Protein chains: 2
Amino acid sequence: MPRTHGAGRVTTLSEVAEAAGVSLSTASKALNGRAQVAPATRARVQAAADRLSFTPNALARSLLEGKTGTVGLLTSDLEGRFVLPILMGAEDAFGAGQVNVFLCDARGDAIREQHHLKALLNRRVDGIIVVGRQTDPRPSLGQDLSVPVVYAYAPSDDPDDVSFTPDNVVGGRIVTQHLLDCGRTRIAHISGDPSYAAATDRVEGSQAALADAGLAPLGAPLFGAWSEQWGRDAAAQVFARHPDVDGIVCGSDQIARGVLETARDLGRSVPEDVAVVGYDDWQVLSTNSRPELTSVDANLQELGRTAARAIFAAIDGDPAPAGVERLPVKLVIRGSTIARR
Amino acid sequence: MPRTHGAGRVTTLSEVAEAAGVSLSTASKALNGRAQVAPATRARVQAAADRLSFTPNALARSLLEGKTGTVGLLTSDLEGRFVLPILMGAEDAFGAGQVNVFLCDARGDAIREQHHLKALLNRRVDGIIVVGRQTDPRPSLGQDLSVPVVYAYAPSDDPDDVSFTPDNVVGGRIVTQHLLDCGRTRIAHISGDPSYAAATDRVEGSQAALADAGLAPLGAPLFGAWSEQWGRDAAAQVFARHPDVDGIVCGSDQIARGVLETARDLGRSVPEDVAVVGYDDWQVLSTNSRPELTSVDANLQELGRTAARAIFAAIDGDPAPAGVERLPVKLVIRGSTIARR
DNA sequence: AAAGCGACCGAAAACCCTTTCGGGACTGTA
DNA sequence: TACAGTCCCGAAAGGGTTTTCGGTCGCTTT
């Protein structure tokens, strides 16, 4: 660590060289493990560097190499809880190497996004990951940037870009298939805001699973909000219209929590009378309910890692194929579909 | 934006100068609004810069100025939901200016933290904000760093450092005072993991409020986990031992959700029979329950902004006073303490 | 003893930008 | 016409590091 407090004064390599009685270049080679340096000299330089607590200036090095070892993470909305795991996954994948992450939150504001983008380019990041808060396509940053870009969660609307997003259609399918596997046949769907692709995609997968099994859904899917309140209200409707319902696919864990509560109020036991599944596996909701919720984990952290690896590869001149890659999700089975023991 | 795609080649100032038919220095002055440049010349340079989509290299500039306009955000655990709003607040305060944020997640691992710290210093950040996930004091990074450091949420254990943390004692006090103001007198406390300062601090404030009112708590505070499950179990105990309880202070919103559920099961209506308060105002829990939860908002985003401002000031040579500053929290009143209309 | 070779070190360029300072050209006045 | 003054522009240094290439010194071999 640099030695001085507060004031920006930091030891420089030439000071180390002087202290060790060698030239600048020798000091550099000694500290970087280059050959052409006598072991004794190397030790002397090393000692001097330690004594002065020398810290190489990464700026100067980057200036030379043309690579900064930094990546920009451009998020549209930090508040959204989906970006965090993605961000973690990316940070994780980078942290293993020597890459650091510039975090920029655009607040869903295009102007602010442009501003941040410019700042990132000024700082010569080696690549940019754009993380959106919905799975709906978002505007591309454009093709003529000096660094590679990948999109995570929210895919780019330009098919020439590289995007990664969770596969909501398959998610809806597998969670519905699970209900079928549990022997349920009268299955209703309660989803969230229909303006979200996440809502319609999941419904689409779910309906497909039913169709494959030769079953019809129990009424049209109900769309509303991504809230417990909506879950409670919609469940009441479902139970009223279809008293024989034995499975409910929910568009989110929040909705599922509401459904559970209404079922409880109406004296329907879960999972015996009716099985309920959530989506997203937001653990604070899914593992704290009674019974715990079967749900779909979108594996967002892995998605973040994938995006990071793609950026790595692109930086090394080996870009991923353009287009939207839909990453697998996984079913997490808990008590709301299978009775305990 | 730089013009070339993928490959790192980016326009440099000397290329702009050449294109405009002026010298390097003139180009610099023209683009930076310095005087000593004829308007016509300036326009010509500007045009050339636009045409080549020139982007100034922030690295070179930083090298010169000795300031990078970057700040390190060193968090111990991204997963913790407390760091996110703090991070947003900080990012917010910086975003207004020209500062960008390096995000580093140490995963609660001291080695990784040192590693990240070193990387941040190598990159010559102008300052560092350390964000912890608990309000318990954490080890200091030490005094002999070359840049100013402030601690947010988790204060440093070294009183010479600058720390900001929410005031949990006052939080416990005001939320209890609110119950008293609602006419409640038989008040129990269900808290979380007692190894957390957050648990004990809140209890301490709560007890103090009762003592000030000349009241004794209804039994010793119950400590357990920060989960709904514990809230359900503990509430059952409280109702069994103290059937006359009319107010329950919970250590977190999760616990409060559990308490609400048990109250519902036992036919105790909230808030008429018993008023319930949560803590943290985690809105996915507090505004989705029935009734909605009165809670304490720790104002974390403001805490992040405060930390950012403190770093700003310290960078400008005006450090905040050392020690732990406890920032105010605010009571959010909802239906779990006051019946709707 | 001379020549040759290997081991080691240092000078200098390069990266890209900002800023200072000196000088050139032009205008106006004596 | 000559000089003072003004207005622009350009040369050069500086910031910290890495890397290349040339040079020096000592040792070995004949």
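Chain letters run A, B, ... following the sequence lines, proteins first and then strands; every chain starts at 1. Note that the coordinates shown come from a computational prediction; the quantities given were computed from them, not determined experimentally.
- Within the 4.5 Å cutoff, the side chain of Val147(B) has no heavy atoms near those of the Asp126(B) side chain.
- The phosphate of dA12(D) (OP1 or OP2) has no side-chain N or O of Ser25(B) nearer than 4.0 angstrom.
- Phosphate proximity of dC16(C) to Arg61(B): absent, as no side-chain N or O sits under 4.0 Å from OP1 or OP2.
- Residue Arg34(A) places at least one side-chain N or O under 4.0 Å from the OP1 or OP2 atom of dT19(D).
- A straight line from NZ of Lys67(A) to C1' of dT19(D) spans 19 Å, rounded to a whole angstrom.
- Dashed line: the shortest gap from a side-chain N or O of Asn57(B) to OP1 or OP2 of dC15(C) is not under 4.0 Å.
- Side-chain contact annotation: Thr26(A) with Ser23(A), donor-acceptor N/O pair under 3.5 Å present.
- Nearest-nucleotide positions on DNA chain C for Thr26(B) and Leu63(B) put Leu63(B) closer to the 5' end.
- Between the CG atom of Leu59(A) and the C1' atom of dC16(C) there is a distance of 12 Å, given to the nearest Å.
- Within the structure, a side-chain polar atom (N or O) of Thr12(A) is placed less than 4.0 Å from OP1 or OP2 of dT17(D).
- Nearest to the side chain of Thr41(B), among dC15(C), dC9(C), dC9(D), sits dC9(D).
- Nearest-nucleotide positions on DNA chain D for Arg42(B) and Ala60(B) put Arg42(B) closer to the 5' end.
- The NZ-P distance, from Lys29(B) to dA11(D), rounds to 11 Å in whole Å.
- Minimum interatomic distance between Leu78(B) and Leu103(B) (heavy atoms only, all atoms of both residues): CD1-CD2, 4.2 Å.
- Side-chain atoms of Ser140(B) and Asp157(B) include no donor-acceptor pair closer than 3.5 Å.
- Look at CG on Leu24(B): it is 12 Å from C1' on dA13(D), rounded to the nearest Å.
- The shortest distance between side-chain heavy atoms of Phe164(B) and Tyr153(B) does not fall below 4.5 Å.
- Atom CG in Asn122(B) sits roughly 10 Å away from atom P in dT17(D) (whole-Å rounding).
- Proximity of Ser23(A) to the phosphate of dG10(C): a side-chain N or O atom is located under 4.0 Å from OP1 or OP2.
- Taking atom CG of residue Leu64(B) and atom C1' of nucleotide dG15(D), one finds them 6 Å apart after rounding to whole Å.
- Note: CD (Gln36(B)) to C1' (dG22(C)) measures 12 Å, nearest angstrom.
- Note on Ser28(B): a side-chain N or O is less than 4.0 Å away from OP1 or OP2 of dT18(C).
- Atom CD of Glu65(B) and atom P of dC17(C) are 13 Å apart (whole Å).
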